[in-house]
Amino acid sequence: MQESNLFSDEQMRDFIVNGHVTVKTDLPRSVHETIYRKTQETTEKEGNLGNNILPRVPELQAVFEDPVVRGAFSSILGENYVMHSHRHPHRNAPHSGGQGFHKDSYWGHQKVRHHRPRWAMAFYYPQDTPVEIGPSSVLSGTQYYSHRITDNNEGEIALPGEAGTVTIIHFDLWHRAMANQTDKTRYMMKFQFIRLDEPKKPEWDVKEPEWKSGSFDESDNPAAKKHETAWRHMWNWMSGGSDAQTAHQANGNVARNIEALSDENPNVRSDAADALGMLGESAADAVQSLSGALCDDFEPVRLNAAYSLGAIGEPAVGSLIEKLTDDKDSARRLAAYGLAAIGEPAVSALCEMMDHENDAVRVEATYALAQIGSGAAPAVDALIHRAKDSKVEVRRYIPEALGGIGTSASSAVPTLIDMLTNDEDVQVRFESALALAQIGPASSDAVPVLKSALSDKNRYVRDNSIHALKRIGTPEAETALFDYLLTARWCAITNQESKY
């Protein structure tokens with residue numbers, strides 16, 4: 001990948017802060033016209049094409065192979081990212097009323113939202129899309145929120161663009177389709193992409209390796225608040241580093257910000273929590289107060305408190321572990337985010353919590369380990385031990401955690417084979433197949449089971465098994481893929497009018 005196609009530091013900061021970046025393909029306009037025409041014609045005959053939009057309109061592959069688009073996704077998700085099999089051609093009919101703001105679900109399955117950008121989506125327009133035709137719109141910076149902090153579309157940012165425009169968004173960004181005020185149908189092709197490897201170094205065209213704060217102006221964006229500590233954490237994680245590298249020195253503001261955590265103004269509380277996080281371990285005296293702020297009524301306060309505790313690091317582990325047992329669901333979830341931000345120093349305590357009698361505590365502990373990624377390698381044995389947990393949500397995050405650990409989790413391959421083969425929950429099965437893909441060639445013993453999984457009733461078990469076989473790459477794995485292709489290959493020109 002040429003550096004000219006990779007994100008600049010500014011683009012990466014925009015993505016981390018705002019959750020979206022727009023690029024333009026270099027393809028001829030005729031390619032986009034063909035995609036629009038074929039989509040229109042096929043949809044009129046067959047209805048919405050759903051996941052089959054790509055084989056029915058194969059010209060779309062050129063959009064996602066465009067160097068500018070590949071450079072953007074490589075910057076965000078790493079060079080070994082893959083396209084997910086879930087995709088959807090969104091049709092905005094003439095004179096439609098538009099949608100309400102929402103976050104996308106995981107195709108009917110349950111997954112905790114990822115703050116770290118392990119998933120991303122592409123919004124592609126095959127036609128010119130001014131505001132009048134009803135483009136997508138977003139609430140910038142809301143990818144870290146479970147709930148909106150504005151009403152009535154306040155803070156909405158339209159995403160217009162010429163044919164060939166691709167906007168890449170964080171999977172969890174709040175978005176919607178705007179009203180189409182014209183007589184023309186608007187299409188937007190939504191494709192999903194996932195990271196397979198944990199970042200070890202910056203994968204964009206980095207010039208300034210440290211997080212640059214101070215570029216966010218709340219007056220320009222009522223939909224989100226300032227989250228410098230969380231943003232810095234995302235930047236450092238994507239750089240393969242840690243928050244400790246860029247923590248500020250304490251300068252006498254700790255006591256003042258602790259006091260401000262009790263202010264009646266939620267914006268003051270949110271800023272105080274964020275300021276403490278920027279001090280890192282120097283703000284260790286604030287651990288108790290920040291722990292209490294995990295129960296604040298205002299979500300930006302809770303978010304900042306969680307990542308500030310994460311930035312303080314090991315001195316905050318005990319308080320965050322205690323919060324995993326809180327009665328409030330939101331406090332437990334934010335504690336899990338904070339523990340994930342701390343990383344390896346929290347792993348031992350999280351392993352202990354995986355044996356907790358409370359189902360919800362085990363779920364959050366396992367989820368936190370899944371978010372830590374490669375730093376959770378010391379948890380492999382504990383994760384294997386819980387593979388038969390009675391709580392299905394725990395079992396769902398075990399393969400996610402093992403996959404994030406990567407090749408260091410190779411001893412778990414027999415466990416993942418068993419989960420892929422025998423678990424009654426389909427999400428456990430497709431997460432297990434994805435984990436085997438993430439572990440890669442060390443999963444070669446799984447090839448026979450992955451080959452059988454190509455006939456699974458669930459499309460995402462099959463899709464992740466394909467990714468696993470490709471990454472394993474042995475002759476046996478490649479033969480299984482070719483045999484599957486010869487059976488499952490799709491003829492994009494076969495229809496009622498042309499069957500043979």
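Between the side chains of Q127 and H32, no donor-acceptor pair is found at a separation under 3.5 Å. Side-chain contact annotation: N92 with N180, donor-acceptor N/O pair under 3.5 Å absent.
Between Q427 and K111 there is a side-chain heavy-atom pair separated by less than 4.5 Å. Looking only at side-chain heavy atoms (C-beta outward), T39 and P126 stay at 4.5 Å or farther from each other. You'll find the side chain of L159 reaches within 4.5 Å of the side chain of Y125, heavy atoms only.
With a 6.0 Å radius and a threshold of 12 heavy atoms from other residues, nucleotides or ligands, Q99 has its CD atom above the threshold.
L276 pairs in a side chain to side chain contact (heavy atoms under 4.5 Å, CB included) with only one of the listed residues (D285, D271, N257, N304), which is N257. The one candidate from H84, K103, R113 that meets the side chain to side chain contact (heavy atoms under 4.5 Å, CB included) condition with F171 is R113.
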Exercise. Can K226 and E228 be said to form a salt bridge (charged side-chain N to carboxylate O under 4.0 Å, His left out), step by step?
Worked result: CA-CA 6 Å; K226 184 173 66 174; E228 293 283 358; 5.9 Å; no

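Checked for salt-bridge contact, D425 and R395 miss the test: no charged N lies under 4.0 Å from a carboxylate O. Ion pair K225/D274 not flagged as a salt bridge, since none of the NZ, NE, NH1 or NH2 atoms sits closer than 4.0 Å to an Asp/Glu carboxylate oxygen.
With sequence neighbours left out, Y36 forms a ring pair (Phe, Tyr, Trp, His ring centres under 6.0 Å) with Y187. Under the ring pair (Phe, Tyr, Trp, His ring centres under 6.0 Å) criterion, Y397 pairs with Y367, sequence neighbours left out.
Taking the six-membered ring wherever Trp is involved, the centroid distance between the rings of Y144 and H227 does not fall below 6.0 Å. Ring centroids of H88 and H86 are separated by 6.0 Å or more, keeping the two rings apart. Ring centroid separation for the pair H20 and H170 does not come in under the 6.0 Å cut-off. Residues W107 and F430 bring their aromatic ring centres within 6.0 Å.
In this pair, F64 and F191 present their aromatic rings tilted. The plane angle is within the 30 to 60° band. Between Y307 and H115, the ring-plane angle classifies as tilted under the 30° and 60° cut-offs.
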